[in-house]
Novice: 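My questions will all concern the structure given below.
Computed from heavy atoms alone, side chains included, the values below leave out hydrogens, waters and symmetry copies.
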Amino acid sequence: LYPVLWFASMFLSIVFLLSFRFVFLYETIGHVAPLLFIVIPFFSRSFMALLLSYGKLAKPNGMAAAFRKHVTKSETRFILLLLSIGTIVVGAIYPVETAVLTLGAIFSWRSAQSFYDRQFGGITGDMLGAFVEGTEGWLWFLVWLLRSFVTA
């Protein structure tokens, strides 16, 4: 019974993730700046790199540990610099969207870091992948909320 429940929960998770992303993209595709199609993946992957750099590892020999072994502090500072420059440049063009996406990505990063530490004792490589997918879905949801409910 346990394998069936596991498969059903994984299947439902994938269906909901892809369905939500499709709906958010479908609803916003003609109404948002094309630059957001670059910004959202950039934010999710940049914050994943920060999660890898600053998060506690769940296992000393997992995939996240193998990746972290090759990340230096100067590379982490470079990621922060790119993230800051990207946020400032895009924020000059689209200030409201950039502010909402930045705050949403920071919220996602801090929430995930706290949750992973509390529930699993740290991060693993699978959690990093799930973070990227979940953060992208979350950011598209925020863009959809802006488009649907904020009038300017």
Novice: In Å and rounded to the nearest 0.5 Å, what is the OG to NE2 distance from Ser148 to His31?
Specialist: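 Ser148 OG to His31 NE2: 9.0 Å, rounded to 0.5 Å.
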
Novice: If only atom types and distance count, is the side chain of Arg147 paired as donor or acceptor with the main-chain N or O of Glu27 below 3.5 Å?
Specialist: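 Yes; at least one donor-acceptor contact below 3.5 Å.
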
Novice: If Ile, Leu, Val, Met, Phe, Trp and Tyr residues are connected whenever their side-chain heavy atoms lie under 4.5 Å apart, and connections chain through other members, are Phe149 and Leu101 in the same group?
Specialist: yes

Novice: Which heavy atom in Thr87 sits nearest to a heavy atom in Thr98, and how many Å separate them?
Specialist: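 Minimum heavy-atom contact is O-CG2, 3.5 Å.
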
Novice: Check for me, please, whether Val32 and Ile93 land in the same ILVMFWY cluster - side-chain distances under 4.5 Å, paths through other members count.
Specialist: yes

Novice: Within the distance-only criterion (no hydrogens, no angle test), does the side chain of Ser44 pair as donor or acceptor with the backbone N or O of Pro41 below 3.5 angstrom?
Specialist: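 Answer holds: yes.
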
Novice: Below 4.5 Å, heavy atoms only, C-beta onward: do Leu145 and Val100 meet side chain to side chain?
Specialist: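 Leu145 vs Val100: side chains apart.
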
Novice: How long is the gap from CG on Leu128 to CG on Leu51, to the nearest 0.5 Å?
Specialist: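 These two atoms lie 5.5 Å from each other.
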
Novice: Answer yes if Leu18 and Met10 sit in the same cluster of Ile, Leu, Val, Met, Phe, Trp and Tyr residues linked by side chain heavy atoms under 4.5 Å apart, and no otherwise.
Specialist: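 No: no chain of side-chain contacts under 4.5 Å links Leu18 to Met10.
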
Novice: Would you say the side chain of Trp140 lies within less than 4.5 Å of the side chain of Ile40, judging by non-hydrogen atoms?
Specialist: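 With C-beta onward as the side chain, the pair touches.
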
Novice: Just how far is it from atom CE of Met63 to atom CG of Leu52, taken to the nearest 0.5 Å?
Specialist: 11.5 Å

Novice: Would you compute the distance between atom CD1 of Ile123 and atom OG of Ser53 and round it to the nearest 0.5 angstrom?
Specialist: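 Reported to 0.5 Å precision, the distance equals 8.5 Å.
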
Novice: Checking Gln113 side chain against Tyr54 main chain: does a donor-acceptor pair fall under 3.5 Å?
Specialist: yes

Novice: Do you know which two heavy atoms are closest between Gly122 and Asp117, and how far apart they sit?
Specialist: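 Of all heavy-atom pairs spanning Gly122 and Asp117, the closest is CA-OD1, 3.6 Å.
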
Novice: Should the ring pair Phe120 and Phe115 be called parallel, tilted or perpendicular, given that the plane angle runs from 0 to 90° and is split at 30 and 60?
Specialist: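 Phe120 and Phe115: perpendicular rings.
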
Novice: Taking all atoms of both residues into account, what is the closest heavy-atom pair of His70 and Glu75, and its distance?
Specialist: O-OE1, 3.3 Å

Novice: Please confirm whether the backbone N or O of Leu80 pairs with a side-chain atom of Ser84, one donor and one acceptor, at under 3.5 Å?
Specialist: yes

Novice: List the atom of Phe42, the atom of Leu82, and the distance in Å for their closest heavy-atom pair.
Specialist: CZ-O, 3.8 Å

Novice: Looking at every heavy atom in both Thr124 and Ala64, which two are closest together, and how far apart are they?
Specialist: C-CB, 3.6 Å

Novice: Check whether Phe131 and Phe20 end up in the same hydrophobic cluster, where Ile, Leu, Val, Met, Phe, Trp and Tyr are linked by side-chain heavy atoms less than 4.5 Å apart.
Specialist: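 Per the 4.5 Å side-chain linkage, Phe131 and Phe20 are co-clustered.
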
Novice: Would you call Tyr94 and Leu36 a side-chain contact if the rule is heavy atoms closer than 4.5 Å?
Specialist: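 The answer is no, as the side chains (C-beta and beyond) never meet within the 4.5 Å cut-off.
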
Novice: I want to check something: taking the side chain as every heavy atom from C-beta on, are Val143 and Phe24 in contact at a cut-off of under 4.5 Å?
Specialist: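 When only atoms from C-beta onward are counted, Phe24 and Val143 do not touch, as no gap falls below 4.5 Å.
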
Novice: Out of curiosity, Leu17 CG to Leu12 CG, how far, rounded to the nearest 0.5 Å?
Specialist: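 That separation rounds to 12.5 Å.
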
Novice: Are Phe16 and Leu142 connected in a single hydrophobic cluster, I mean Ile/Leu/Val/Met/Phe/Trp/Tyr linked by side-chain heavy atoms less than 4.5 Å apart?
Specialist: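 Same hydrophobic cluster.
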
Novice: Do side-chain atoms of Arg21 reach the backbone of Glu133 as a donor and acceptor pair under 3.5 angstrom?
Specialist: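 Side chain of Arg21 to backbone of Glu133: a pair is present.
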
Novice: Are side-chain heavy atoms of Phe37 and Leu25 found at a separation under 4.5 Å?
Specialist: yes

Novice: What is the minimum heavy-atom distance between Gly104 and Leu139, and which atoms define it?
Specialist: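 In terms of heavy atoms, the two residues are closest at C-CD2, 4.1 Å.
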
Novice: Look at the aromatic rings of Phe11 and Phe7 and report parallel, tilted or perpendicular, splitting at 30° and 60°.
Specialist: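 Plane angle under 30°, so parallel.
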
Novice: Taking the side chain as C-beta and beyond, is there a heavy-atom pair between Val132 and Phe47 under 4.5 Å?
Specialist: no

